[in-house]
Amino acid sequence: MFSIVHVGSGKEMTMGESEINENGRVIGKWKKSVHVFGERLRRFPCLIWKTIWNLGYEDPRRVIHAFKVGLSLTLASLLYLLEPLYKEIGQSAIWAVMTVVVVLEFTAGATLCKGLNRGLGTLIAGLLAFFVGYIANASSDRVSQAVIIGAAIFLIGSLATYMRFIPYIKKNYDYGLVIFLITFNLVALSSYRVDSVLKIAQDRLYTIAIGCAICLIMSLLMFPNWSGEDLHNSTAFKLEGLAKSIEACVNEYFYGEIDSPGDIKSSEDPIYKGYKNVLDSKSIDETLALHASWEPRHSRYCHRFPCQQYVKVGAVLRQFGYTVVALHGCLRSEIQTPRSVRAMFKDPCIRLAAEVSKVLIELSHSIKNRRHCSPEILSDHLHEALQDLNTAIKSQPRLFLGSKHKYNQSNNMLKVAASQVAQGRHGKASGFSLSSVKTDSCALFEWKTKRVPSEEYSKETERKSLRPQLSKIAITSLEFSQALPFAAFASLLVETVAKLDLVIEEIEEIGRLSCFKEFTPGDEIVVTCEEPLVDVSRNNLPSHGIE
């Protein structure tokens, strides 16, 4: 047995021991992997149960909808399972089950839209296909029959597909046209090979009508979920989210730690969560508004639901949300105002943000309670907070304007910085630091001194690499750059106040169209953010099949 001696270790290890050690290490890793896999497998049932429980606890309507679908499928299956019904309908009974799977949606409006589209598409297609088959059968020549059916399929298919591009039809009846195309082709082609095509069309129409009837009864009469109600609640939810985002953003700007530009905010960030639903709401609002337009009513009130006005409010809230996004971006900008400067404007900014949040919360409660807003919603407190911020900014003119002496000093500073960068290219050490910015210019110059220039670099390349660094130094060396980031932050905060008028105007229009009750002095104005409503976008289940 050969010995292996490691120099400097003072230890001797044989080949056999090495093999044992290596095998032992491999076996140890394998056992650890098996243990980790076993732990995950053991926790898997608990994880599944927790996910299922949280899904139903978040919105109990999901549990009710699941039972409604199960009951509807059972009722439709009776056409196939019960012998007397099966003898009357035959194999076409399966279409009732397929109709329930495709048509029954979470809300009554979505079910009405798909059910009526499917029923009308099947009825019109069946009648038209029977008419084409009747004309084709009038000819005794099989070739002529095939030509007539083929030409009808070409014309009807092309015309129906072209109609799908019409915006109004695409928005309201696209699903019905797809069902029309499928049914027409199936019935028209069957008429060429099958003699009892009328019986086939009748059976399919009956079973689809039964399936649609089951879906409509379940959606409208058994614990109905209204698309208009979801759109109404989601609007209030978005207002509360924006209110939370503004307050959290201002509080973090003055009290919290400012994040570096490279940090990635998680989805649990309260500021991000507040405006995310607003920015992503366009398609959801339009879908809910479309389905709400099919509903006879959306709540116990029988007045017409102003679905398009809610879409307008969603558009206004998205414009408002873009300002909140920019406000959030100020927390992660490259250049930051020192805390000593920010502290001078802390009280008026926090007060102004609280007043804006108060207005948004009041608008949210007016929607949820179906009453008009208070006439004093834009109170004197908001105007006073705005005036206080304006006074505080005017009291520090040098922070935002600077002086001639300081301006000249800044220009001299820029010249010194440029000369130091040029010296750094020849290997000379240089250093420069400014406490008013988050980026460390000293580190920039140290990196420049460590960098050894190559003789192959041309003067043009040097100028290109010098320009971005000089621009950054020029920004950071100006005295009033300390206040520039705060000026942007304050400007965006004032912009939220300016956009409140448009939000209030659109929401008041909703109250007028929906006949909200008038505001009475006894109504309390609640200014605290409640637990957010459920995210209705998660309740829209996509339909991946047509048949």
Side-chain angles (χ1 to χ4, degrees), residues 231-232 234-250 271 274-275 277-279 281-282 285 289 306-328 330 348-393 487-521 523 525-529:
L231 182 59
H232 179 88
S234 67
T235 303
F237 171 69
K238 288 182 288 188
L239 286 166
E240 290 184 0
L242 288 174
K244 283 187 173 183
S245 291
I246 292 175
E247 275 200 306
C249 190
V250 174
I271 304 175
Y275 62 74
N277 290 325
V278 178
L279 301 182
S281 64
K282 185 176 187 297
D285 288 350
C307 49
Q308 293 305 317
Q309 182 62 30
Y310 278 89
V311 175
K312 291 181 180 179
V313 171
V316 172
L317 291 181
R318 280 191 295 277
Q319 294 295 328
F320 192 95
Y322 297 148
T323 306
V324 181
V325 174
L327 202 66
H328 191 197
C330 292
C349 286
I350 291 178
R351 183 183 176 190
L352 183 60
E355 292 297 328
V356 173
S357 177
K358 177 181 176 181
V359 172
L360 292 174
I361 292 296
E362 163 61 15
L363 291 173
S364 173
H365 282 283
S366 70
I367 288 180
K368 287 193 292 186
N369 297 328
R370 287 187 170 84
R371 63 165 173 78
H372 289 283
C373 303
S374 168
E376 299 179 355
I377 186 170
L378 293 177
S379 62
D380 295 336
H381 299 292
L382 179 61
H383 296 137
E384 290 173 2
L386 196 60
Q387 188 63 35
D388 289 345
L389 178 59
N390 186 44
T391 303
I393 292 175
F489 184 85
S491 175
L492 290 169
L493 192 58
V494 174
E495 182 70 14
T496 60
V497 180
K499 290 184 176 180
L500 277 177
D501 288 332
L502 188 56
V503 176
I504 295 173
E505 180 183 344
E506 296 296 337
I507 292 180
E508 277 296 303
E509 182 65 15
I510 285 181
R512 187 186 66 81
L513 296 175
S514 300
C515 302
F516 283 177
K517 63 182 180 182
E518 293 295 331
F519 178 84
T520 57
D523 292 337
I525 300 178
V526 184
V527 298
T528 57
C529 291

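In this chain, numbering begins with 1 at the start of the sequence shown.
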A.B. asks: In Å, rounded to the nearest 0.5 Å, how long is the span from CG of L360 to CD of E240?
C.D. replies: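 Here the rounded value is 10.0 Å.
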A.B. asks: Any chance you could measure L317, atom CG, to N277, atom CG, to the nearest 0.5 Å?
C.D. replies: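 Here the rounded value is 12.0 Å.
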A.B. asks: With rounding to the nearest 0.5 Å, note down the distance linking CZ in R371 to NE2 in H365.
C.D. replies: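 That separation rounds to 8.5 Å.
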A.B. asks: Which distance, rounded to the nearest 0.5 Å, do you find between the CG of L363 and the NZ of K368?
C.D. replies: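 Reported to 0.5 Å precision, the distance equals 12.0 Å.
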A.B. asks: I need the L239 CG to E362 CD distance, nearest 0.5 Å.
C.D. replies: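 Here the rounded value is 11.0 Å.
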A.B. asks: Checking R370 against S514 for the side chain to side chain contact (heavy atoms under 4.5 Å, CB included) test, could you report, in this order, the C-alpha distance in whole Å, the side-chain angles of both residues, the deciding distance, and whether it holds?
C.D. replies: CA-CA 8 Å; R370 287 187 170 84; S514 300; over 6 Å; no
A.B. asks: If only atom types and distance count, is the side chain of H232 paired as donor or acceptor with the main-chain N or O of I367 below 3.5 Å?
C.D. replies: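 Side chain of H232 to backbone of I367, a donor-acceptor pair under 3.5 Å: yes, one is there.
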A.B. asks: Rounded to the nearest 0.5 Å, what separates atom OG1 in T496 from atom CG in L242?
C.D. replies: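 One finds 10.5 Å between OG1 of T496 and CG of L242.
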A.B. asks: Could you tell me whether a side-chain N or O of S491 sits under 3.5 Å from a main-chain N or O of A488, the two making a donor and an acceptor?
C.D. replies: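 Side chain of S491 to backbone of A488: no pair is present.
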A.B. asks: For the side chain of S357 and the backbone of A353, is there at least one donor-acceptor N/O pair under 3.5 Å apart?
C.D. replies: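 No, because the side chain of S357 does not come within donor-acceptor range (under 3.5 Å) of the backbone of A353.
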A.B. asks: Which residue pairs satisfy the side-chain hydrogen bond (donor to acceptor under 3.5 Å, both in side chains) criterion with at least one member in residues 498-507, sequence neighbours excluded?
C.D. replies: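 Applying side-chain hydrogen bond (donor to acceptor under 3.5 Å, both in side chains) to every pair that reaches into residues 498-507, excluding sequence neighbours, yields Q309-E506, T323-K499.
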A.B. asks: Under 3.5 Å, is there a donor-acceptor pair between the side chain of S281 and the main chain of V278?
C.D. replies: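 Yes, S281 side chain to V278 backbone: donor-acceptor pair under 3.5 Å.
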